[in-house]
Amino acid sequence: MIRVNNLHIPINYDDNTIKNKVCRELRIDKGAVKSVSLFRRSIDARKKDNIYFLCSIDVELNISENAVLKKAKNAVAVKPYEYNVDKWNGGASPVVVGMGPAGLFAALILAQSGAKPIVLERGKDVDSRTDDVNKFWTDGKLNVKSNVQFGEGGAGTFSDGKLNTGTKDSRQRKVLEEFVNHGAPEEILYNAKPHIGTDKLKITVKKIREEIISLGGTVVFEAQMTDFFTKDGKISAVEYEKDGKKERIDTDNVILAVGHSARDTFELLNDKNLPIEAKPFSIGARIEHRREAIDKSQYGKFAGNRNLGAASYKMNVRTKNGRGAYTFCMCPGGKVVNASSEDGMLCTNGMSEFARAEENSNAALLVGVSPDDYGSDSPLAGMYYQRRLEAAAFKLGGENYSAPVQRVEDFIKNRKSTSLGEVMPSILPNFTLCDLNEILPEYISASMKEAITDMSRKLRDFDNPDAVLTGLETRSSSPVRILRSTDTLQSAGTSGLYPCGEGAGYAGGIISAAVDGIKCAEKIIQNSKN
């Protein structure tokens, strides 16, 4: 197979357009082409009067590939991606704690190997969880055991389902292919910025769970790990609680994929002297604009083109106080969601469905913080820092899970918002107009203000006075790192315990977390042969 790179494809292309482009590039007749398929597609919108797709195309030929490659400039020979799962060699079933992307894919690989994993998820199955989340967004009654953070699929289930990643690990292809095999849109295999959307991701997650079970795995919902046990420095069992009763599972291997919001688990690990450390993360708020305005800023006269979809952006700046500020988890045509998981504390996230057709677009506007900011040397100092800010946001919003909201112009001018303009906040169950400056540390609010101004030079109208900020975004990543060996991926304190994914501090999104889960599963399978 030949891969042709750097092809400029018009935005209103069809299959024939692609085939013609490939033939011209390879200097061959159409009859020589057996098949063509997109491998990679990104949008080049640097020139607003000439927007196109930049593509890599995989081509199968009816003639000698070597002869064609000799005269082609932007083509290389490639082999189709293959991922082979080693076979489990026996032993006690591995236990996977947590069913976010890391735990889900760790369990899938273990199940495909024949290991019959046992998955413990503190939250509910995705359907029951969805009911609980919708109830919270309707009446403000938070279920601390079933919410945007806890339950099947993890926090990523109630997000944009973004699958773009900075990792170069080839396992990311395995993740994408498994998503497609379980119902995700095929376009995630070739889009440079793939996304599934919350609506489709829920279905996909459930189907992956069903495969795990069909291969002999066990999934236990509403089962929170409450302890683990060791013998001679090696994991020997885990304890979990379900329906008020505690159960024990004897095992030699535990993948700890608890997610970035499992604060009680972090406290358990610290109490048991497992090596953990505070790590940097980011704090800020969601910034929300009208989708049409962002589309026009990015695509000009091509805004609204169905093939382009809702426009995204990604920006970063270095502020005068030396901190990095950036946009994160951008949700085109999405909405801001109340992602709270603890009583008396409030935090936000962003979410889109596959169509990305909501009235607004939003992103997190974040500022980096480090252990120097936390006010303590405790390994959990970052977590306590998050809690203090979330408690302040809850109070500022009215102590009823209404989110604090402020117009951008008012935020920059340090005044409480008393009315809204053209952008209406999308967060549920409600919001309260306020002054976010009252609860944000000055070094964060000053950086955000500077970033809004600087970013508006890159993205027109980003500093629109009527854009709204919804606070606070505190859970961009885990505030702790559970230390592990670079080679074995096992805990620095306990053999057979595999800290994994975003909650453990080793990933930053759905794909990288899923890849880390696969890597931990592979280590367990390899060790079963020793």
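Values below: all heavy atoms of this structure, side chains included; hydrogens, waters and symmetry mates excluded.
Formation of a donor-acceptor pair under 3.5 Å by the Arg290 side chain with backbone atoms of Ile294 is not found in this model. The main-chain N or O of Asp14 is found under 3.5 Å from a side-chain atom of Thr17 such that the two form a donor-acceptor pair. Remark: the backbone N or O of Lys47 is not paired with any side-chain donor or acceptor of Asn50 at under 3.5 angstrom. Counting only distance, with no hydrogens or angles, the side chain of Thr470 and the backbone of Val405 share no donor-acceptor pair below 3.5 Å. Looking only at distances, a side-chain donor or acceptor of Thr198 sits under 3.5 Å from a matching main-chain atom of Thr157. Counting only distance, with no hydrogens or angles, the side chain of Gln149 and the backbone of Ala339 share a donor-acceptor pair below 3.5 Å. Put simply, the side chain of Gln386 gets close to the backbone of Thr474: a donor and an acceptor are under 3.5 Å apart. The main-chain N or O of Arg46 is found under 3.5 Å from a side-chain atom of Asp44 such that the two form a donor-acceptor pair. Side chain of Ser340 to backbone of Cys347: a donor-acceptor contact under 3.5 angstrom is found. Panel note: side chain Arg484, backbone Pro499; a donor-acceptor pair is recorded below 3.5 Å.
Checked against the 6.0 Å centroid threshold, Phe431 and Tyr401 do not count as a close aromatic pair. Aromatic ring centres of Phe150 and Phe221: separated by at least 6.0 Å.
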Quiz item: Checking side-chain hydrogen bond (donor to acceptor under 3.5 Å, both in side chains) for the pair Lys458/Asn316: CA distance, chi angles, key distance, verdict?
Solution: CA-CA 10 Å; Lys458 302 177 182 180; Asn316 63 84; 5.3 Å; no
Exercise. Dump the intermediate steps for side-chain hydrogen bond (donor to acceptor under 3.5 Å, both in side chains) on Asn164 and Asn191, then the final yes or no.
Key: CA-CA 9 Å; Asn164 45 303; Asn191 278 340; over 6 Å; no
Quiz item: Given Asn362 and Met330, is the side chain to side chain contact (heavy atoms under 4.5 Å, CB included) satisfied, shown in steps?
Solution: CA-CA 6 Å; Asn362 74 83; Met330 197 268 161; over 6 Å; no
Exercise. Evaluate the side chain to side chain contact (heavy atoms under 4.5 Å, CB included) criterion for residues Asp435 and Arg415: first the C-alpha distance (whole Å), next the side-chain angles of each, then the deciding distance (0.1 Å), finally the verdict.
Key: CA-CA 6 Å; Asp435 183 3; Arg415 67 191 184 200; 5.8 Å; no
Quiz prompt | CA sep, side-chain torsions, deciding dist, call: Val423, Asn360, side chain to side chain contact (heavy atoms under 4.5 Å, CB included) | solution = CA-CA 8 Å; Val423 181; Asn360 294 343; 3.9 Å; yes
Quiz item: Does the pair Arg291 and Glu359 meet the rule for a salt bridge (Lys or Arg N to Asp or Glu O under 4.0 Å), with working shown?
Solution: CA-CA 6 Å; Arg291 186 191 77 240; Glu359 183 176 304; over 6 Å; no
Exercise. Applying salt bridge (Lys or Arg N to Asp or Glu O under 4.0 Å), run through Asp454 and Arg457 and close with a yes or a no.
Key: CA-CA 6 Å; Asp454 288 350; Arg457 300 186 183 104; 2.6 Å; yes
Practice problem: Take Ser341 and Arg475 through the test side-chain hydrogen bond (donor to acceptor under 3.5 Å, both in side chains) and record every step on the way to the result. | Solution: CA-CA 11 Å; Ser341 63; Arg475 304 195 197 178; 2.7 Å; yes
Exercise. Using the salt bridge (Lys or Arg N to Asp or Glu O under 4.0 Å) rule, take Asp49 and Lys301 through it: C-alpha gap first, then chi angles, then the decisive distance, then the call.
Key: CA-CA 7 Å; Asp49 61 344; Lys301 66 181 182 181; over 6 Å; no
Self-check item: CA sep, side-chain torsions, deciding dist, call: Phe462, Ile287, side chain to side chain contact (heavy atoms under 4.5 Å, CB included)
Solution: CA-CA 9 Å; Phe462 189 74; Ile287 187 166; 3.8 Å; yes
Practice problem: Give the C-alpha distance, both sets of side-chain angles, the deciding distance and a yes or no for salt bridge (Lys or Arg N to Asp or Glu O under 4.0 Å) between Asp132 and Lys124. | Solution: CA-CA 9 Å; Asp132 291 335; Lys124 297 181 181 180; 3.0 Å; yes
Quiz prompt | Derivation and outcome, side-chain hydrogen bond (donor to acceptor under 3.5 Å, both in side chains), residues Lys413 and Asn437 | solution = CA-CA 10 Å; Lys413 293 184 177 181; Asn437 292 286; over 6 Å; no
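No side-chain donor from either of Asn464 and Glu409 sits under 3.5 Å from a side-chain acceptor of the other. A donor-acceptor pair shorter than 3.5 Å cannot be found between the side chains of Asn321 and Glu450. Defined by atom type and a distance below 3.5 Å, a donor-acceptor pair is missing between the side-chain atoms of Ser456 and Asp461. Between the side chains of Arg41 and Tyr13, at least one donor N or O lies within less than 3.5 Å of an accepting N or O. Looking at Ser128 and Asp125, their side chains do bring a donor and an acceptor atom within 3.5 Å of each other. A donor and an acceptor atom, one from each side chain of Asn5 and Ser56, are located under 3.5 Å apart.
With rounding to the nearest 0.5 angstrom, the CG atom of Leu142 is 12.5 Å from the CG atom of Asn400. Note that CD1 of Ile208 and CZ of Phe179 are 5.0 Å apart. Values are rounded to the nearest 0.5 Å. Considering CE of Met99 and CZ of Phe105, their distance stands at 11.0 Å, rounded to 0.5 Å. One distance of note links CE of Met383 with OG of Ser378; it measures 7.5 Å at 0.5 Å rounding. A distance of 10.0 Å separates CD in Glu473 from CG in Leu365, rounded to the nearest 0.5 Å. Here the NE2 atom belonging to His195 is positioned 10.5 Å from the CD atom belonging to Glu353, to the nearest 0.5 angstrom.
Environment of CD in Glu187: crowded, with over 12 heavy atoms of neighbouring residues, nucleotides or ligands closer than 6.0 Å. Residue Lys145 places its NZ atom among 12 or fewer non-hydrogen atoms of other residues, nucleotides or ligands, all under 6.0 Å distant. Annotation for Asp377: atom CG does not count as buried by contact number, only 12 or fewer foreign heavy atoms lying within 6.0 Å. Enclosure of atom CD in Glu292 is not indicated, since only 12 or fewer non-hydrogen atoms of other residues, nucleotides or ligands lie within 6.0 angstrom. Within a 6.0 Å sphere centred on NZ of Lys314, other residues, nucleotides and ligands contribute 12 heavy atoms or fewer. Within a 6.0 Å sphere centred on NZ of Lys272, other residues, nucleotides and ligands contribute more than 12 heavy atoms.
A cation-pi contact links Lys449 to Phe411, judged by a cut-off of 6.0 Å to the six-membered ring centre and 45° from its axis. Judged by a 6.0 Å distance limit and a 45° cone about the ring axis, Arg40 is not positioned over the six-membered ring of Tyr190.
His8 and Tyr52 have parallel rings, their planes meeting at less than 30° on a 0 to 90° scale where 60° marks the start of perpendicular. Using bins of under 30°, 30° to 60° and over 60° for the plane-to-plane angle, the ring pair Tyr385/Tyr374 lands in the tilted bin.
At a threshold of 4.0 Å, the pair Arg209-Glu152 counts as salt-bridged, since one of the basic side-chain nitrogens sits closer than that to a carboxylate oxygen. Using a cutoff of 4.0 Å between basic side-chain nitrogens and carboxylate oxygens, Arg387 and Glu267 are scored as salt-bridged.
Residues Asn134 and Thr138 approach most closely at O-OG1, 2.8 Å, considering heavy atoms.
For the side chain to side chain contact (heavy atoms under 4.5 Å, CB included) with Asn338, the qualifying choice from Asn430, Leu346, Thr348 is Leu346, the only one to do so.
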